[in-house]
Amino acid sequence: MGFFSALVGNAGVAQASELNTEYGILLADGEAIEIGFKLVRDVFIFTNKRLILVDKQGLTGKKIDYLSIAYKSISRFGIETAGHLDLDAELKIWVSGEVQPSVMRKFNKQVNIYDLQKVLAQHVLG
């Protein structure tokens, strides 16, 4: 992921081995990381059971907020592809009972937004 892209808030694909090393302690028995994305210091991880959002806070990033969203609680999701002038793609996720998207993230062109949509579809619709 390019530095400029990270600064403007676009996420790039994170290595699964790196995610397992750093966040494996969060996983339940039988849970495995399928794909993850890094946004400067923040990370969101798609496992075979849930979506984990990691929000590193403050200047040092020592305070960390972990948010887990079970796939069964996701009522809908949407993607917006990148265009010629708009260089980023966007993901929106709604949790049951919410009018506005609970999660909104932007991705650089390195991320295949269709692959991300496929992971969500497999878990939410399956």
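Note that the coordinates shown come from a computational prediction; the quantities given were computed from them, not determined experimentally.
- No donor-acceptor distance shorter than 3.5 angstrom exists from the side chain of Asn20 to the backbone of Ala32, with no hydrogens or angles considered.
- Linking Ile, Leu, Val, Met, Phe, Trp and Tyr residues whenever their side-chain heavy atoms come within less than 4.5 Å leaves Phe37 and Val54 in two separate clusters.
- Residues Ile52 and Ser68 share a closest heavy-atom pair of CG1-OG, 4.2 Å.
- Val13 and Ile45 are members of different hydrophobic clusters when ILVMFWY side chains are connected at heavy-atom separations under 4.5 Å.
- Here the closest heavy-atom approach between residue Val43 and residue Tyr23 is recorded as CG2-OH, 3.6 Å.
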Please test Phe46 against Leu116 for side-chain contact (heavy atoms from CB on, under 4.5 Å), starting from the C-alpha separation and ending with a verdict.
CA-CA 9 Å; Phe46 292 88; Leu116 176 58; 3.2 Å; yes

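- Annotation: the span from Thr81 atom OG1 to Tyr114 atom OH amounts to 4.5 Å, rounded to 0.5 Å.
- Linking ILVMFWY residues whenever their side-chain heavy atoms come closer than 4.5 Å, directly or via other members, leaves Leu26 and Ile69 in distinct clusters.
- Distance check: Phe44 CZ to Leu53 CG gives 7.5 Å after rounding to the nearest 0.5 Å.
- Scanning all heavy atoms of the two residues, the minimum distance from Asp29 to Lys49 falls at O-CE, 3.9 Å.
- The nearest pair of heavy atoms linking Trp94 to Val99 is NE1-O, 3.1 Å.
- For Asp55 (side chain) and Tyr66 (main-chain N/O), no donor-acceptor pair under 3.5 Å exists by modelled atom type.
- Closest heavy-atom contact between Gly36 and Leu19: CA-CD1, 3.5 Å.
- Residues meeting the salt bridge (charged side-chain N to carboxylate O under 4.0 Å, His left out) test with Glu98, sequence neighbours left out: none.
- In terms of hydrophobic clustering, with Ile, Leu, Val, Met, Phe, Trp and Tyr side chains grouped at heavy-atom distances under 4.5 Å, Ile74 and Ile79 are assigned to a common cluster.
- Electrostatic pairing of Glu31 and Arg50 counts as a salt bridge here, judged by a charged N lying under 4.0 Å from a carboxylate O.
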Pairs of donor and acceptor atoms involving the side chains of residues 119-126, under 3.5 Å and at least two apart or interchain, shall be tabulated with distances.
unit_1, atom_1, unit_2, atom_2, d
His123, NE2, Glu34, OE1, 2.7
His123, NE2, Glu34, OE2, 3.3

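- Scanning for side-chain hydrogen bond (donor to acceptor under 3.5 Å, both in side chains) contacts around Ser75 gives an empty result, with sequence neighbours left out.
- Separation of atoms CG (Asp88) and NZ (Lys106) is listed at 4.5 Å; rounding is to 0.5 Å.
- A continuous path of Ile, Leu, Val, Met, Phe, Trp and Tyr side chains, each step under 4.5 Å between heavy atoms, connects Tyr71 with Ile35, placing both in one hydrophobic cluster.
- In this structure a side-chain-to-backbone donor-acceptor pair under 3.5 Å is present from Ser96 to Ser73.
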Checking side-chain contact (heavy atoms from CB on, under 4.5 Å) for the pair Lys56/Asp42: CA distance, chi angles, key distance, verdict?
CA-CA 6 Å; Lys56 293 186 179 180; Asp42 298 343; 4.1 Å; yes

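- To the nearest 0.5 angstrom, Ile33 atom CD1 is 8.0 Å from Thr47 atom OG1.
- The CD atom of Glu22 sits 13.5 Å away from the CD atom of Gln15 when rounded to the nearest 0.5 Å.
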